[in-house]
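These notes concern the structure reproduced below.
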Amino acid sequence: MSRPPYKWFFESTTPVEGHMHAIARTIASRQTAFQLMEIMETLSYGKCLVLDGRIQSSQGDEFIYHEALVHPGLLAHPDPRRAMVIGGGEGATVREILRHRSIAECLMVDIDGEVVAECRQHLPEMHQGAFEDPRTRLLHEDARAYLEKTSERFDLIVIDLVEPLEEGPACLLFTREFYTLVRDRLTERGVMTMQAGMTKVNELAFFAAVNRTLREVFPVVAPYQTFVSCFGTPWGFSVGSKGADPRAQTPADIDGLIAARLAEKDLGYWDGATHQHCFSLPKFIRRALAESDRVITDAHPLIVT
Ligand code: SAM
């Protein structure tokens, strides 16, 4: 039986490897002031946000990415009230933060108002009304410039940015100087979480360098990973903490905190067992983290190709 003539979207995950998605329809596509934005409906994962040719998230598995990005940070803080999202496009990161009843305010600073407007219109499955929540405040400006001028302090800062592509809008938001700025805008026991690039074999340099750089700035740095199907690769994250170490929290601790703190307890991915699994990194990744001596700085940024 011949395969139907689908349109295909090919994403290069590395210069020598890629991932193909059959496309049902393209919902929106435009070149914004900062990046090429496309919202496509794939047959395998439903609607996807694609920026500069790279899948940012899909309807089918975004819960894995966004729960992994948010909950380890919030559950590591004793009583989080004020949160900030750097980037965050689709609004799903804000959605996960607002699940925590203790959160009184969540500020999202995304440089690209056009991307966020398109996501608000075409991706309700992802933001689920998070932009309309009275606790949400939305700004469209460069997040680094915002942090440099603000006197606000946050219990949690989530860095949910695109990868630092050549001439992309996020190049100088993966450096020691930027992480120092983030640390200094956190409250006394504040926590930062971030997406930190892929963690597959032979492609660990970025993940290892980001964590090496974070260790220059934060007393506690806890890397972890999960598999994001629509990315076609395992993906890395990291917690930078001025207080608690999420690796010291047991599965029972995590399940207890989720039961006590979340309005809607039924997370699709994150719980005590998942927490333990994601922070239990395999030997080859632990070795790459231990051996990396690459500190990313403004003068020597690390660009993803
Ligand atoms: N990696 C995430 C994902 O896979 O779901 C990305 C989420 S989000 C789409 C990334 C956002 O970062 C984009 O909406 C982009 O506009 C924003 N961004 C890029 N550079 C930025 C900057 N300098 N300041 C604030 N936001 C920025």
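We're numbering straight along the sequence, starting at 1. On a predicted model such as this, the values are computed, not experimentally measured, just so you know. Excluded from the calculations below are hydrogen atoms, water molecules and symmetry mates; all remaining heavy atoms, backbone and side chain alike, are included. Counting starts at 1 for both ligands and their atoms, in listed order.
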Just by distance, no angles: are the side chains of [X] and [Y] close enough, under 3.5 Å, to form a donor-acceptor pair?
X: D160; Y: Y65; result: yes
X: N211; Y: S238; result: yes
X: E11; Y: H21; result: no
X: T226; Y: Y269; result: yes

Ligand 1 atoms in contact with [X] (distance to a heavy atom under 4.0 Å):
X: A170; value: 20 (N)
X: A143; value: 24 (N), 25 (C)
X: L49; value: 9 (C)
X: L51; value: 9 (C), 13 (C)
X: G88; value: 8 (S), 11 (C)
X: V109; value: 25 (C), 26 (N)
X: D142; value: 22 (C), 23 (N), 24 (N)
X: G87; value: 11 (C), 12 (O), 17 (C), 26 (N)

Any nitrogen or oxygen of I55 lying under 3.5 Å from a nitrogen or oxygen in ligand 1? Just yes or no.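 No; the residue has no nitrogen or oxygen that sits under 3.5 Å from a nitrogen or oxygen of the ligand.
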Could you say whether the N/O atoms of F231 and ligand 1 ever approach to under 3.5 Å?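 No, there is no polar N/O contact under 3.5 Å.
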Residue-level breakdown please: for [X] versus ligand 1, do any non-hydrogen atoms fall below 4.0 Å on the side chain, on the backbone, on both, or on neither?
X: V116; answer: neither
X: Q35; answer: side chain
X: E90; answer: side chain

Below 4.0 Å from ligand 1: does a non-hydrogen atom of F34 turn up there or not? no
Does at least one non-hydrogen atom of Y146 fall below 4.0 angstrom from an atom of ligand 1?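 Checking ligand 1 against Y146, which is what was asked, there is no heavy-atom contact under 4.0 Å.
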To check your reading of the model: name the closest protein heavy atom to atom 3 (C) of ligand 1, its residue, and the distance in Å.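 For atom 3 (C) of ligand 1, the nearest protein heavy atom comes out as Q56 O, 2.6 Å.
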Looking only at protein heavy atoms, which one is nearest to atom 10 (C) of ligand 1, and what is the separation?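 The protein heavy atom lying closest is D160 O, 3.3 Å.
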Ionic contact status for K200 with E203, cut-off 4.0 Å: no
Side-chain ion pair, D298 and R144, N-O less than 4.0 Å: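 Salt bridge: yes.
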Linking I/L/V/M/F/W/Y whenever any side-chain heavy atoms sit under 4.5 Å apart, do M194 and V221 land together?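 Linked within one cluster.
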Which value, rounded to the nearest 0.5 Å, describes the distance between L49 atom CG and S58 atom OG?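 Atom-to-atom, L49:CG and S58:OG are 10.5 Å apart.
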Can you name the residues that form a salt bridge (charged side-chain N to carboxylate O under 4.0 Å, His left out) with E216, not counting sequence neighbours? R176, R212
Test item: H66 side-chain N/O and E62 main-chain N/O as donor-acceptor pair under 3.5 Å: yes
Just going by heavy-atom distances, which of I86, D110, V50 is nearest to atom 15 (C) of ligand 1?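 Looking at heavy atoms only, D110 sits closest to atom 15 (C) of ligand 1.
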Could you tell me whether R287 atom CZ has more than 12 heavy atoms of other residues or ligands within 6.0 Å of it?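 For R287, atom CZ is not crowded (no more than 12 foreign heavy atoms under 6.0 Å).
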